[in-house]
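First comes the structure, then the notes that go with it.
Keep in mind that the numbers below use all heavy atoms, side chains included, and drop hydrogens, waters and symmetry copies. Reminder, nothing fancy here: chain letters follow the sequence lines and each chain counts from 1.
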There are 2 protein chains.
Amino acid sequence: MSEQPSDTEQRFLAAYDAGEFERPSVTVDLTVVTADDGALRALLVRRDEHPDKGSYALPGGFVGPDESLDDAAARVLREKARLDHVHLEQLYTFGAPDRDPRTRVITVAHLALVDAKRLQSALAEDEAVVVARLRVPWEGERGGPVEALDRDGRPLKLAFDHGDVLGTAVKRMRGKLDYAPIGFQLLPRDFTLRQLQDVHETVLGRPLNKDSFRRRMLASDHLTPTGRRERDVEHRPGELYRFRRTSAV
Amino acid sequence: MSEQPSDTEQRFLAAYDAGEFERPSVTVDLTVVTADDGALRALLVRRDEHPDKGSYALPGGFVGPDESLDDAAARVLREKARLDHVHLEQLYTFGAPDRDPRTRVITVAHLALVDAKRLQSALAEDEAVVVARLRVPWEGERGGPVEALDRDGRPLKLAFDHGDVLGTAVKRMRGKLDYAPIGFQLLPRDFTLRQLQDVHETVLGRPLNKDSFRRRMLASDHLTPTGRRERDVEHRPGELYRFRRTSAV
DNA sequence: TGAATAGTGTCTATAAGACAATATCCC
DNA sequence: GGGATATTGTCTTATAGACACTATTCA
């Protein structure tokens, strides 16, 4: 390992000779995901410029010089979707050399979870912005790219590697759902157990046992009963619960 | 959303006016982790240059212009630890603006799992390279920084945010161990159930039920009995098993 | 023979799935 | 009342933990 010091040396020099290394552009891209009407949906923006003009891309932006990655993601979310205070986590970093035909762009993808109504109402009427239904062509957590569909169920052309990014988002959500309270993030403040189960089934892409689901959720310490019941339904209304911010753990 | 097009515009321009955006340096850093003698260990390199001279850093390097992130990580692993064909996965991307005092450096941390003997034999005698024992000051998957200890059990000074990076690595390992076959990556090709349980307990930082562990592992479809038994032990030797690359899933 | 761990069999507690019965709301 | 779903209770099955017992190797 006699070549060992060369790295630290290089790092040191890099600080004073930025020209020595070709630096990539670094962006954050956001998968803003919601669950509605039995399907996952994601926020997409139609590209009006080349390359991939006319295709749909995830909202994204460059990371500012004095901005952390999380801050950049939160800023993009505010600017593009007018959303604040939503669940936001880093997802995966995509850096294939040719993923953007213009120049080297490394993107740190983030996952944002929003309740469907809130997402819809946050968006102004803008034809360039859509909340597209996702089609997941794989089961469980196998992973792989995901398709986005327009209103008529036809696939939208996705820009760059954004189909892979969305696939990674769905895989992450499926993986976390079993042990982390992320289902609540996709629902309004008050919700019934049925709505929560619908969301879980939508994320997982498979039906769940109702009895077992109820038991698990009620035993999970995440739910607080509100004492109120849902309204305007054509059947016996279920009790409304609220997510309890778990104090410990 | 009338400001919408500005992003795509910016991206487009960026390709032709690189000076408009201050680009960060992008590196990969590697947490090369092994389990030995009841403790997790990680490969660290003593820094001979400022900043943080004399402290210990994760092996890392710049991402080349035509290199994917995974390729860069594999290259660093070859160069720094002479290791090839080990389990390697992307871990998390660290990008706090001030994490490196010289310039903006965003690092894509990776996790590499190696069996202890192989790691030791791959390293030449180089005082600057150590396989330091890790002390994990938290339970379960709570997360947080991790300490590295020298031979005498004294904490080593870790460079930059590398204590956080190592903490993220341990958290990831604990999280995956339950459902992913990563324990095998920390063992030689042939191993006994006892050795596998030791590794699991080392990663998780807590004892496991022996009976239940055996049953789960034997039912897991990941183990192939070799028909041979361990040697040179002072008690009844256990059967040697081998990891079976799971065909499906 | 004794020490130490490997490996097997059985019992119990717990959680999930299946199913039935009752309760409650809207029409 | 009829339709639909909520909610409760019971039974069955799979799995984890606990424990007792036997097997095998080396000193």
Side-chain angles (χ1 to χ4, degrees), chain A residues 37-38 139-141 174-175 177-181 183 187-188 190-243 249, chain B residues 37-38 139-141 174-175 177-181 183-184 187-188 190-243:
Chain A
D37 198 22
E139 290 183 356
E141 297 176 43
R174 289 188 175 175
L177 198 58
D178 279 336
Y179 64 92
L187 287 169
D190 297 346
F191 53 87
T192 66
L193 285 173
R194 157 62 57 190
Q195 290 174 312
L196 184 58
Q197 183 173 349
D198 282 344
V199 163
H200 276 237
E201 291 180 341
T202 297
V203 171
L204 295 175
R206 63 182 175 86
L208 293 173
N209 182 280
K210 179 183 165 185
D211 311 277
S212 165
F213 183 81
R214 285 181 63 87
R215 260 183 312 216
R216 267 195 300 133
M217 287 303 137
L218 291 174
S220 74
D221 210 50
H222 286 309
L223 292 176
T224 305
T226 64
R228 293 179 300 108
R229 304 179 150 271
E230 64 183 330
R231 309 188 51 156
D232 300 322
V233 288
E234 296 183 340
H235 53 74
R236 172 178 173 180
E239 172 146 22
L240 289 168
Y241 291 86
R242 193 172 293 179
F243 175 54
V249 180
Chain B
D37 198 23
E139 289 184 355
E141 296 175 44
R174 288 189 176 175
L177 198 58
D178 279 336
Y179 65 92
F184 308 107
L187 287 169
D190 296 347
F191 53 86
T192 67
L193 285 173
R194 157 63 56 187
Q195 290 174 312
L196 184 58
Q197 182 172 350
D198 282 345
V199 163
H200 277 236
E201 292 181 339
T202 297
V203 172
L204 295 176
R206 63 182 175 88
L208 294 173
N209 183 280
K210 178 185 163 187
D211 311 273
S212 166
F213 183 81
R214 286 181 62 86
R215 261 185 310 217
R216 266 195 301 132
M217 286 305 136
L218 291 174
S220 75
D221 210 49
H222 286 308
L223 292 176
T224 306
T226 63
R228 292 180 300 109
R229 304 178 150 269
E230 64 182 330
R231 310 190 49 158
D232 301 323
V233 288
E234 296 183 340
H235 52 74
R236 172 177 173 180
E239 172 146 22
L240 289 167
Y241 291 86
R242 194 171 294 181
F243 174 54

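- You'll find the side chain of B/Phe184 reaches within 4.5 Å of the side chain of B/Leu223, heavy atoms only.
- Listed pair B/Lys210 / C/dG7 fails the phosphate criterion, with no side-chain N or O lying under 4.0 Å from OP1 or OP2.
- Within residues 196-208 of chain B, no residue has any heavy atom under 4.0 Å from DNA chain D.
- In this structure, CD of A/Glu230 is placed 10 Å from P of C/dC26, rounded to the nearest angstrom.
- Nearest-nucleotide positions on DNA chain D place A/Gly238 closer to the 5' end than the other of A/Gly238 and B/Phe213.
- For the pair B/Asp198 and B/Arg194, the salt-bridge criterion is met [side-chain N within less than 4.0 Å of a carboxylate O].
- Residues A/Tyr241 and A/Leu218 meet the side-chain proximity criterion, which asks for heavy atoms closer than 4.5 Å.
- Regarding A/Arg214, its CZ atom lies at a distance of 14 Å from the P atom of D/dT5, rounded to whole Å.
- Around CD of A/Glu141, the count of heavy atoms belonging to other residues, nucleotides or ligands within 6.0 Å exceeds 12.
- Phosphate contact (OP1/OP2 of C/dA6, side-chain N/O of B/Arg229, threshold under 4.0 Å): absent.
- The side-chain heavy atoms of B/Arg228 and B/Arg242, taken from C-beta on, include a pair separated by under 4.5 Å.
- At least one side-chain heavy atom of A/Gln197 sits under 4.5 Å from a side-chain heavy atom of A/Lys210.
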Polar atoms only, N or O, under 3.5 Å: list the protein pairs with nucleotides 11-15 of chain D and their distances.
none

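- Atom CG in A/Asn209 sits roughly 10 Å away from atom P in C/dA16 (whole-Å rounding).
- Classified by interplanar angle (parallel below 30°, tilted 30° to 60°, perpendicular above 60°), the ring pair A/Phe243/A/His222 is tilted.
- For A/Arg206, the CZ atom is loosely surrounded, since the number of other residues' heavy atoms within 6.0 Å does not exceed 12.
- Between the CG atom of A/Leu218 and the P atom of D/dA6 there is a distance of 13 Å, given to the nearest Å.
- What separates CD of A/Glu239 from P of D/dA6 is a distance of 12 Å, to the nearest Å.
- To the nearest angstrom, P of D/dT7 lies 7 Å from CG of A/Leu193.
- Under 3.5 Å, the side chain of B/Arg236 and the base of D/dA23 form at least one donor-acceptor pair of N or O atoms.
- With DNA chain D read from its 5' end, the first of the two nearest nucleotides for A/Pro237 and A/Asp211 is the one closest to A/Pro237.
- Separating the CZ atom of B/Arg231 from the C1' atom of D/dT24 is a distance of 16 Å, rounded to the nearest angstrom.
- Using a 4.5 Å heavy-atom threshold, the side chains of B/Arg231 and B/Val233 count as separate.
- Rounded to an integer number of Å, the gap from NE2 of B/His235 to P of D/dT22 is 22 Å.
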